Amino acid sequence: MGGGFFTCFLVVVVLLRCSASLQLNTDEFFVSDFFLKMGAKVAGSSSVCSWKGVTCDERREKVIALVASGFGLSGVIPENTIGKLSKLRTLDLSANNITGLSSDIWELGSSLRSLNLSWNQINGSLPNNLANFGELESLVLSYNSFSGEIPTALGSLRSLKVLNFSGNGFEGSLPDSILGCESLVSIDLSSNRLNGTVPNGLDDAFKNLTFLDLSGNEMNGRLPELSGLNSITYINLSGNLFEGSILGLFREIDLSNNQLQGHISQVNLSSSYTWSSLVYLDLSGNELSGEFFSDLGRARSLKHLNLAFNMFSHQNFPQLEQLSGLEYLNLSKTSLTGQIPTEFSKLFSLKTLDLSHNHITGYIPDLSMDNLQVLDLSMNNLTGGIPKPLLDKLPNMTRFNFSYNHLKFCAAELSPQTFNTAFVGSVNDCPIAVDPDVIKSKGTKHRGLKLALAISLSFFFLIAGLVCLAIRFRKRTGSWAVKQLPCKEEPNVSGPFSFQTDSTTWVADVKSATSVPVVIFEKPLLNFTFADLLTATSHFDRGTLLAEGKFGPVYRGILPGGIHVAVKVLVRGSAVTDQEAARELERLGWIKHPNLVPLTGYCLAGDQRIAIYDYMENGNLQNLLHDLPLGVQTTEDWSTDTWEEDAGIVQNITTEGMTTWRFRHKIALGAARSLAFLHHGCYPQIVHRDVKANSIYLDSELEPRLSDFGLSNIAGATSEDEISQGSPGYAPPEFSESENVSATTRSDVYGFGVVLFELVTGKKPIGDDYPEERETTLVSWARTFVKKNRALRIIDPKIRETGSEKQMEEALRIAYLCTADLPSKRPSMQQIVGLLKDIEPIAADH
Ligand SMILES: *[C@@H]1O[C@H](CO)[C@@H](O)[C@H](O)[C@H]1NC(C)=O
Ligand SMILES: *[C@@H]1O[C@H](CO)[C@@H](O)[C@H](O)[C@H]1NC(C)=O
Ligand SMILES: *[C@@H]1O[C@H](CO)[C@@H](O)[C@H](O)[C@H]1NC(C)=O
Ligand SMILES: *[C@@H]1O[C@H](CO)[C@@H](O)[C@H](O)[C@H]1NC(C)=O
Ligand SMILES: *[C@@H]1O[C@H](CO)[C@@H](O)[C@H](O)[C@H]1NC(C)=O
Ligand SMILES: *[C@@H]1O[C@H](CO)[C@@H](O)[C@H](O)[C@H]1NC(C)=O
Ligand SMILES: *[C@@H]1O[C@H](CO)[C@@H](O)[C@H](O)[C@H]1NC(C)=O
Ligand SMILES: *[C@@H]1O[C@H](CO)[C@@H](O)[C@H](O)[C@H]1NC(C)=O
Ligand SMILES: *[C@@H]1O[C@H](CO)[C@@H](O)[C@H](O)[C@H]1NC(C)=O
Ligand SMILES: *[C@@H]1O[C@H](CO)[C@@H](O)[C@H](O)[C@H]1NC(C)=O
Ligand SMILES: *[C@@H]1O[C@H](CO)[C@@H](O)[C@H](O)[C@H]1NC(C)=O
Ligand SMILES: *[C@@H]1O[C@H](CO)[C@@H](O)[C@H](O)[C@H]1NC(C)=O
């Protein structure tokens with residue numbers, strides 16, 4: 001303080017006197033000098049008391065509050081400035097670029113109630129001068145670069161309510177003297193480098209403490225005793241090295257990433273704590289063992305629960321479905337076993353669900369809750385696919401991971417990169433006949449889809465209208481015998497609806513047909529309803545009946561959009577819930593193979609589950625082989641009665657086409673491929689349970705396609721019994737030996753063997769004329785011939801001349817193997833595919 005100071009000082013006085021009547025050693029002078037030296041703009045011409053951030057006492061003489069947060073102050077606080085404001089109660093210099101404190105700041109003394117220096121760059125240690133602020137109530141020094149130990153003088157601040165030193169570099173241990181700060185309500189010492197233990201008696205000293213954050217230090221020893229802290233709502237001790245158990249009452253508890261050991265019940269939340277007020281619980285990253293809290297379900301206010309990365313063993317899923325407010329659930333690496341409860345789909349608030357690194361089995365339930373943004377199910381034992389609604393939601397989510405499970409599904413919409421990172425180890429089970437490039441381009445065309453759809457729909461309606469008109473006209477003129485094509489009749493749309501077939505009456509117990517959706521997998525934008533099914537099938541008119549199968553009646557119909565479908569009503573009562581049925585049908589919808597009849601969609605109409613299939617234009621094998629006098633039917637012959645009476649509609653098959661060895665072999669190989677796919681290509685494997693000639697259809701390309709796979713799960717227990725008895729002529733011997741034999745892949749093989757015999761001999765499985773034998777079945781008749789090496793004699797005379805007899809004989813041998821009495825002697829479908837390929841007729845063969 002030599003001449004330099006005075007020169008400077010005089011300049012200041014001159015400068016300031018120009019704008020205000022500034023007197024030396026007034027508060028106005030100290031404040032303006034402070035602003036000037038710290039590089040801030042001086043506030044203006046009026047008295048200091050009206051400057052921004054300044055509050056004076058009633059007499060407008062003394063400054064009692066200076067709030068200069070974010071004023072762009074920089075440098076060290078100069079001597080003889082604000083340290084001289086003798087009545088200052090509140091000083092807030094937060095969010096500036098202050099790098100150090102003057103020594104006279106400590107002279108503020110006992111007038112000061114609140115000091116906020118947060119978000120500056122003050123370094124060095126905090127001196128014991130702190131004790132001067134005897135009446136201080138709030139001390140906020142967070143986010144500076146303070147280092148060294150917390151001064152013991154802190155303990156003399158008996159009025160201190162708020163202590164916030166977070167985000168500094170304080171070291172060493174917390175001084176015992178802190179227990180002297182008996183008024184403390186909030187302690188935030190997070191993110192420092194404090195070590196050592198928490199002083200004993202914390203809970204006695206701080207009766208009014210509500211907030212305690214010691215997270216992100218290096219503190220150790222046993223967890224502090226907190227049970228006496230009756231007001232505490234938030235405790236965060238995460239990221240330390242604490243051990244032991246905790247007792248007390250909290251709203252928010254974060255004890256993550258410590259070394260808490262032992263049985264989780266030692267983390268004693270039960271005592272006097274009312275679970276109902278718990279909002280936040282994080283015990284992740286400890287070494288807790290035992291079982292989850294059994295009363296977690298009572299924590300109705302819980303929003304955040306993280307128990308991840310502990311040392312639990314074999315946990316069952318906790319019951320959480322009542323926790324409707326839960327937003328974050330992390331049970332990663334908690335040794336969870338069992339299936340994900342379907343009730344999880346009721347956790348509507350859930351934003352984050354992490355169940356990774358467990359031993360979870362079974363299917364993934366529909367977790368497409370609106371708010372879900374993060375889903376991690378990686379590293380489990382999940383099987384099956386991903387429910388369609390969830391699959392559709394994935395592109396909208398922030399993060400998802402299904403890697404390292406046993407999933408198998410078709411995810412044509414997801415990019416290969418996504419598949420390779422978020423579905424590691426899953427099988428992309430898309431139609432194998434489909435060229436991946438086609439799928440890709442489909443994905444990119446998505447945007448134009450709506451428009452294209454709209455255009456094609458209107459086009460369709462135009463055509464449909466014309467067709468309907470034409471049909472009506474023809475009907476009237478009697479020139480067209482077909483009467484069941486669905487015209488635009490308006491069916492009654494309020495239910496319940498009752499329908500009658502020759503053998504069944506079934507009821508769709510729905511109130512309004514238009515409120516029951518029809519799910520069409522590939523075309524989710526088409527909002528079809530049960531009413532459309534009614535229209536498509538002329539109100540399930542008997543005339544549209546294609547067949548009366550084991551599961552119930554099958555109708556044919558044309559949905560809006562020209563979607564030609566077979567509508568299979570699974571009338572038998574079933575134990576599964578609608579949700580389970582929907583999930584199973586969704587799963588079946590993903591199962592695609594060029595030799596399977598694709599499941600197009602479904603509808604849950606009251607108790608009735610309705611499966612919708614692509615319509616197979618060329619009927620089924622049974623009709624083709626046995627029912628139709630081959631050679632009569634031709635493509636153009638629309639006027640025959642066959643259409644109305646016959647289940648199989650034969651349009652395209654000519655005599656020549658059907659009665660060749662090549663064609664019969666093609667059917668055998670296609671059917672074998674589809675079964676091999678169900679048995680060996682699906683996880684979990686699918687047993688068909690009812691392989692027979694009329695389960696094998698021919699599509700418009702005359703490609704054989706197996707139908708009815710996987711329905712028995714949905715059709716329910718009663719029909720299961722019936723099915724396991726098999727269809728007459730196709731049931732393997734083990735079914736008649738015992739009541740409780742269930743269908744297996746080997747019983748499917750048997751059924752296939754019978755079909756193969758049919759294909760080569762042209763005989764029906766039962767009730768046909770079997771030369772040289774009476775009262776027998778196709779299997780025992782044909783087996784006898786094969787066994788006696790006289791197989792050539794039973795080849796269907798219609799095909800004998802069309803190919804290699806050697807191959808046909810070999811096919812009979814394969815059928816012989818398939819129909820072995822002992823299931824274990826029958827080859828697998830994979831082997832059968834191989835055997836059939838060995839005898840594939842080449843073009844020159846016929
Ligand atoms: C201290 O300053 C920071 C930053 O401006 C502010 O967020 C905080 O509310 C202040 N704390 C108190 C107790 O005044
Ligand atoms: C601190 O100073 C730096 C540069 O000197 C500046 O960019 C930053 O905005 C200042 N911060 C505050 C809070 O004034
Ligand atoms: C505080 O920081 C300044 C400059 O960043 C440095 O020169 C000084 O040595 C530091 N003081 C302490 C006590 O670390
Ligand atoms: C402590 O200060 C930091 C920085 O301003 C703030 O984020 C934190 O919420 C404060 N702690 C409490 C308990 O108010
Ligand atoms: C605590 O930290 C200080 C300084 O960082 C160190 O000297 C002391 O040994 C540490 N004490 C313990 C118990 O780790
Ligand atoms: C705790 O709070 C109550 C009510 O707010 C107050 O009367 C009492 O003095 C406080 N206790 C301490 C030790 O500050
Ligand atoms: C506890 O502190 C850690 C680290 O400071 C922080 O990440 C976490 O969010 C805090 N927990 C709660 C419940 O605020
Ligand atoms: C937890 O609290 C309950 C109820 O007060 C008590 O019975 C039990 O002994 C406590 N457990 C531990 C480990 O302190
Ligand atoms: C779940 O908790 C673990 C351990 O704290 C953490 O590593 C993981 O990121 C958390 N998962 C999510 C999705 O937040
Ligand atoms: C998955 O299940 C198999 C057999 O059931 C078991 O060997 C394997 O350890 C399980 N994997 C996981 C991650 O639980
Ligand atoms: C995805 O987000 C888009 C736009 O936000 C929305 O239109 C669409 O319905 C969402 N899809 C799903 C499945 O939530
Ligand atoms: C999914 O989890 C696995 C296993 O933890 C990991 O290797 C992979 O990087 C994760 N993928 C994504 C996209 O997060």
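Just so you know, ligand 1 is whichever comes first in the structure, and atom 1 is the first atom listed for that ligand. If you're wondering where the values come from, they're calculated on a predicted model, not measured in any experiment.
- Protein heavy atom nearest atom 8 (C) of ligand 6, with residue, atom name and distance: N208 ND2, 3.7 Å.
- Within the listing of ligand 9, atoms 13 (C) sit less than 4.0 angstrom from a heavy atom of T352.
- Under 4.0 Å is where a charged nitrogen must lie from a carboxylate oxygen, and between K388 and E586 no such pair does.
- Salt bridge status for K84 with E107: present, with a side-chain N to carboxylate O gap under 4.0 Å.
- Those atoms of ligand 9 that come under 4.0 Å of a heavy atom in R399, given as number and element, are 13 (C).
- Aromatic ring orientation, F423 versus F419: parallel (interplanar angle below 30°, classes split at 30° and 60°).
- Taking a cut-off of under 4.0 Å to the non-hydrogen atoms of N330, the atoms of ligand 9 that pass are 1 (C), 2 (O), 3 (C), 8 (C), 10 (C), 11 (N), 12 (C), 14 (O).
- No more than 12 heavy atoms of other residues, nucleotides or ligands lie within 6.0 Å of CG in N200, so this atom counts as exposed by the packing criterion.
- A side-chain contact (heavy atoms from CB on, under 4.5 Å) with L382 is found for one member of N358, T361, L377 and no other, namely L377.
- Under a 4.0 Å criterion applied to the non-hydrogen atoms of S284, ligand 9 contributes the atoms 5 (O).
- A centroid separation of 6.0 Å or more is found between the aromatic rings of Y280 and Y234.
- Looking only at heavy atoms of the protein, atom 13 (C) of ligand 6 is closest to E182 O, 3.5 Å.
- Remark: the backbone N or O of N195 is not paired with any side-chain donor or acceptor of S173 at under 3.5 angstrom.
- For ligand 9 and F309, the ligand atoms under 4.0 Å from any heavy atom of the residue are 3 (C), 4 (C).
- Atom 2 (O) of ligand 6 lies below 4.0 Å from at least one non-hydrogen atom of the protein.
- The backbone N or O of K393 sits nowhere less than 3.5 Å from a side-chain atom of N396 that would complete a donor-acceptor pair.
- Of all atoms in ligand 9, listed by their number and element, those nearer than 4.0 Å to a heavy atom of Y328 are 1 (C), 10 (C), 11 (N), 12 (C), 14 (O).
- Under the 4.0 angstrom criterion for non-hydrogen atoms, D376 is not in contact with ligand 9.
- In terms of protein heavy atoms, atom 5 (O) of ligand 3 is closest to N123 ND2, 4.3 Å.
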